[in-house]
Amino acid sequence: MRFVAALLMWVVTTVALAVAVPTAWAQKNIVDMNGYSAFAASAAEDPALQRAMAGELTTQVTRLSDGQVSSDLVRGVAEAYTASPSFPGQFAQANQIVHRWMFTDRISTDSEGRWVVDLAPMLSDSSFRQTLSNFNVEVPSSLTVPVTVSSDLRPGQLRPLATWGPWVSVGATILAGVFALLTLAVARSRGKALAALGVSALLVGAAGWAALEVARGYINSALNNTTGDVRAVADAMVNHAEDGLHHWLNLTLAAGGALVALGVVVSMLGGLRRS
């Protein structure tokens with residue numbers, strides 16, 4: 001009977017942990033506004049994202065100047081800007097619009113219903129202002145650029161995550177912790193119980209890696225709503241998110257391995273004590 005109870009609690013612990021790890025990561029880095037800003041600022045240090053953003057800024061500045069400014073000159077200024085220390089903070093600020101679009105419906109769209117982002121704050125950087133002023137080109141107070149190529153994606157589609165995400169994340173974490181303790185309390189052998197909990201963490205970590213590989217196909221399909229340099233920026237952001245979640249999964253795997261090793265040691269010591 002104790003074995004059945006311990007097994008049931010182990011299963012609940014494993015399921016709760018499988019929910020807790022990705023939801024806790026998402027709550028910290030995606031759902032929370034400040035967390036998402038920090039995530040975007042960190043992603044902005046990626047050279048691939050910097051090159052893509054420099055390309056988009058070059059396109060917009062060249063269009064703004066009606067060809068008066070050489071695209072090569074603008075590209076050089078844009079690359080210097082995206083590599084500067086001020087870029088991550090301004091990129092994070094622009095991504096707050098992205099966050100509001102995903103989690104609320106309080107965001108503007110263009111006449112075709114596409115989601116737009118204002119690049120004017122970035123073009124207000126001193127490097128751009130100086131270059132454009134040399135050609136008598138004024139930076140507008142607002143320069144909106146469509147991020148999606150269709151209106152299929154609607155604002156506020158992720159609003160339920162903002163409402164229920166924190167509850168699910170905290171609840172799953174507490175549930176995993178409580179049932180892990182109950183598993184240890186009910187099991188006849190503490191060592192085997194520890195090893196079993198380690199196996200839970202190993203299963204969750206491995207399943208998380210596999211799930212990410214499957215999810216990438218669906219993510220790429222969603223990214224097809226973007227195009228050009230904006231698509232490259234989105235790709236870099238997704239890659240950064242995958243790296244972050246992979247790190248959490250690796251920590252889960254490491255913790256699982258440590259628990260298995262500890263369980264083996266505890267079982268051996270228990271066997272020696274009984275003998």
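- Of all heavy-atom pairs between Ala180 and Thr13, the closest is N-OG1, 3.2 Å.
- In this structure, the side chains of Val233 and Glu56 stay at 4.5 Å or more apart for every pair of heavy atoms.
- Using a 4.5 Å heavy-atom threshold, the side chains of Thr82 and Leu57 count as touching.
- The line from CG of Leu17 to OG1 of Thr252 is 6.0 Å long, rounded to the nearest 0.5 Å.
- Within the structure, every pair that satisfies the salt bridge (charged side-chain N to carboxylate O under 4.0 Å, His left out) test and touches residues 239-257, not counting sequence neighbours, is listed here: Arg216-Glu242.
- Both Leu197 and Val11 are assigned to one and the same hydrophobic cluster, defined by single-linkage of ILVMFWY side chains at heavy-atom distances under 4.5 Å.
- Counting only residues at least two apart or on different chains, no salt bridge (charged side-chain N to carboxylate O under 4.0 Å, His left out) pair has a member in residues 13-23.
- Clustering of Ile, Leu, Val, Met, Phe, Trp and Tyr by side-chain heavy atoms under 4.5 Å joins Val214 with Tyr218.
- The two residues Ala78 and Thr58 come nearest to each other via the heavy atoms CB-OG1, 3.7 Å.
- Sorted by first and then second residue, the salt bridge (charged side-chain N to carboxylate O under 4.0 Å, His left out) pairs involving residues 72-82 (not counting sequence neighbours) are Arg75-Glu79.
- Side-chain contact between Thr23 and Thr173: absent, with no pair of heavy atoms (C-beta onward) separated by less than 4.5 Å.
- Connection of Trp248 to Tyr36 is established within a shared hydrophobic cluster, with ILVMFWY side chains joined at heavy-atom distances below 4.5 Å, either directly or through further cluster members.
- Proximity of Tyr81 to Met53: side-chain heavy atoms (C-beta onward) are nowhere separated by under 4.5 Å.
- Taking each heavy atom of Ala52 and Asp229 in turn, the nearest pair found is O-CB, 3.4 Å.
- Evaluation of the salt bridge (charged side-chain N to carboxylate O under 4.0 Å, His left out) test over residues 23-41, restricted to residues two or more places apart or in two chains, returns none.
- Smallest separation of non-hydrogen atoms from Pro88 and Ser84: CD-O, 3.5 Å.
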CA sep, side-chain torsions, deciding dist, call: Leu212, Leu249, side chain to side chain contact (heavy atoms under 4.5 Å, CB included): CA-CA 11 Å; Leu212 276 178; Leu249 293 172; 4.0 Å; yes

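- A continuous path of hydrophobic side-chain contacts links Val170 to Val178 [ILVMFWY only; heavy atoms under 4.5 Å].
- Legend: ring-ring contact (aromatic ring centres under 6.0 Å, His included) pairs involving residues 160-216, not counting sequence neighbours, sorted by first then second residue: Trp209-His246.
- Using a 4.5 Å cut-off on side-chain heavy atoms (C-beta onward), Thr183 and Leu7 make no contact.
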From CA spacing to verdict: side chain to side chain contact (heavy atoms under 4.5 Å, CB included), Val260, Leu194: CA-CA 6 Å; Val260 169; Leu194 282 171; over 6 Å; no

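- In this structure, the side chain to side chain contact (heavy atoms under 4.5 Å, CB included) partners of Ala187, at least two apart in sequence or on a different chain, are Ala6, Ala193.
- Applying the side-chain hydrogen bond (donor to acceptor under 3.5 Å, both in side chains) test to every pair with at least one member in residues 39-55, sequence neighbours left out, gives these pairs: Ser42-His240.
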Worked verdict on Phe87 versus Leu49 for side chain to side chain contact (heavy atoms under 4.5 Å, CB included): CA-CA 11 Å; Phe87 173 66; Leu49 187 149; 3.9 Å; yes

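- Residues meeting the side chain to side chain contact (heavy atoms under 4.5 Å, CB included) test with Gln96, sequence neighbours left out: Met33, Ser37, Arg100.
- The side-chain hydrogen bond (donor to acceptor under 3.5 Å, both in side chains) search around Trp25 returns none, not counting sequence neighbours.
- Both Trp10 and Leu202 are members of a single hydrophobic cluster when ILVMFWY side chains are connected at heavy-atom separations under 4.5 Å.
- Thr14 pairs by the side-chain hydrogen bond (donor to acceptor under 3.5 Å, both in side chains) definition with Ser200, not counting sequence neighbours.
- In this structure, the side chain to side chain contact (heavy atoms under 4.5 Å, CB included) partners of Ala40, at least two apart in sequence or on a different chain, are Phe91, Ala92, Asn95, Met237.
- For the pair Val266 and Leu262, the minimum side-chain heavy-atom distance is below 4.5 Å.
- In the hydrophobic clustering of this structure, Leu184 does not group with Leu182; members are Ile, Leu, Val, Met, Phe, Trp, Tyr whose side-chain heavy atoms approach within less than 4.5 Å, directly or through other members.
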